Protein chains: 2
Amino acid sequence: MDRPNIILDIAERRMRQAGYNAVSYRDIASEIGIKSASLHYHFPKKEDLGVALVQRYSENFFAAVKQNTSELKTPQDKIKAFASIFNSELKDQNLVCLCAVLGAEAAGLPEGVTHEVKSFFDRNVLWLTAQYEAYGHADPVSKAKITLSLLEGAMMISAVNDDNSIFDAAVSSIL
Amino acid sequence: MDRPNIILDIAERRMRQAGYNAVSYRDIASEIGIKSASLHYHFPKKEDLGVALVQRYSENFFAAVKQNTSELKTPQDKIKAFASIFNSELKDQNLVCLCAVLGAEAAGLPEGVTHEVKSFFDRNVLWLTAQYEAYGHADPVSKAKITLSLLEGAMMISAVNDDNSIFDAAVSSIL
DNA sequence: AGATATCTATCTACTACTAGATAGATTGGC
DNA sequence: GCCAATCTATCTAGTAGTAGATAGATATCT
């Protein structure tokens, strides 16, 4: 894999565990085995790293959504598949959605990072809205926001308690 | 007000905006107009401050729950009142639940702080479970966890988008 | 030669935290 | 009432360590 993606992998894991400010160039560099100064070659400012990280996360996520839902027929099945993308990393690595973590710290993040987090949520609401529209829901936009809120909140609480059943219960309650 | 509570007020506001690691003794001290060393007299370690903060938050929250629900009859009304405690600070200060923020960073927090965050969630689930039991819900514990997840998630997303209607929609969907 | 990626070495600013002193208020013994 | 002891809350001055960031040299590959 190329260096930028190796850097982002490490940054992503750490940020999803402990937040933006808990991740340092020094820590990332020492895990790779290079000097922290070298990281600034790839990501001059920490904000650049944060922005790239959320962008990559968002693109990977929606690539997975596309792949895992393309052969499904009903909106219900698609939404379950959508939720199970979040679930896979939660259950075997106890990792919450990157944007759930960054969203919680949003008021203290560099502007560019906060903007990307918002964009991720927007894209999620858009995708979910389309499903609820297809399902014939009365207010698909509100329902989409509610579903996203539930999933993000359930991930966070599941991770804190290291108890995946909370997320499972949340998914079962959707629709 | 006494000094410890003044310190905790400032720490609470900042932590609910930007997270645990974004709050420094220096910043708190300079806002009060004393030296950071003086803060260590009241809270020797940052973990002590974090623990005291979550404990105070939890106690204040459940005092408000008790006060705002004591004269209400139905579990539905009580749960709405419960949600509106979260909502009041969200809508006029854009402040998320302290434990939603700290929960997102839980894996990187001092052990004592994480423990208090868990306790807060436990207490919430307990309280909500009692309401759903009174309501005759089939699985009151799961329902309680789902409701808490929804509220915490909706607060976070509402704050990021500075759009209170997301939280309102979430509250309307409960029960 | 040029581009890519890393290095060394350094900087400034900030982090939590501590030691030891001080001023002022409070408490208890005689 | 007076004195000594203690407590409260702050200060100055400092520790060691970490933060993100930069300049400029070096190595490697095409």
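Note that the structure is predicted; figures quoted are calculated from it, not measured. First the proteins, then the strands, lettered A, B, ... as listed; each starts at 1.
For A:Phe43 and C:dT6, the CZ to P distance is 11 Å, given to the nearest whole Å. Computed from coordinates, the B:Leu49 CG to C:dA16 P distance equals 10 Å when rounded to whole Å. We find that NZ of B:Lys46 is positioned 15 Å from P of D:dT18, with the value rounded to whole Å. For B:Leu39 and C:dT18, the CG to C1' distance is 14 Å, given to the nearest whole Å. Nucleotide D:dA27 holds its C1' atom 15 Å from the CD1 atom of A:Ile34, rounded to whole Å. Atom P of nucleotide D:dT22 and atom CG of A:Asp48 are separated by 10 Å, given to the nearest angstrom. Distance, A:Lys45 NZ to D:dA21 C1': 7 Å, rounded to whole Å. Atom C1' of nucleotide C:dT15 and atom CG of A:Asp27 are separated by 14 Å, given to the nearest angstrom.
Scanning atom types as modelled, one donor and one acceptor separated by under 3.5 angstrom connect the side chain of A:Arg26 and the base of D:dA19.
The residues B:Arg56 and B:Glu116 are annotated as not salt-bridged, no charged nitrogen and carboxylate oxygen being separated by less than 4.0 angstrom. A:Glu89 has no carboxylate O lying under 4.0 Å from a charged side-chain N of A:Arg13, or vice versa, which leaves the two without a salt bridge.
Proximity note for A:His40 (side chain, C-beta onward) versus D:dT22, C:dT15, C:dC17: the nearest is D:dT22. Listed candidates were D:dT22, C:dT6, D:dA19. Nearest to the side chain of A:Tyr41 is C:dT6.
Inter-residue side-chain proximity for B:Tyr132 and B:Ile79 is flagged as met; some heavy-atom pair is nearer than 4.5 Å.
Take the nearest nucleotide of DNA chain D for B:Pro4 and for B:Ala37: the residue whose nucleotide is more 5' is B:Pro4.
Among the heavy atoms of the strands lying under 4.0 Å from B:Tyr25 are primed sugar atoms or P, OP1, OP2 only; no base atom is included. Using a 4.0 Å heavy-atom criterion, one finds that B:Lys35 contacts the bases of the nucleic acid, with or without backbone contacts as well. Base engagement by A:Ser38 is indicated by at least one non-hydrogen atom pair under 4.0 Å involving a base atom. At the heavy-atom level, A:Arg3 lies under 4.0 Å from the strands shown only through sugar-phosphate atoms.
A:Phe82 and A:Phe61 have perpendicular rings, their planes meeting at more than 60° on a 0 to 90° scale where under 30° would count as parallel.
No side-chain donor-acceptor contact under 3.5 Å links A:Arg26 to the backbone of A:Ser36.
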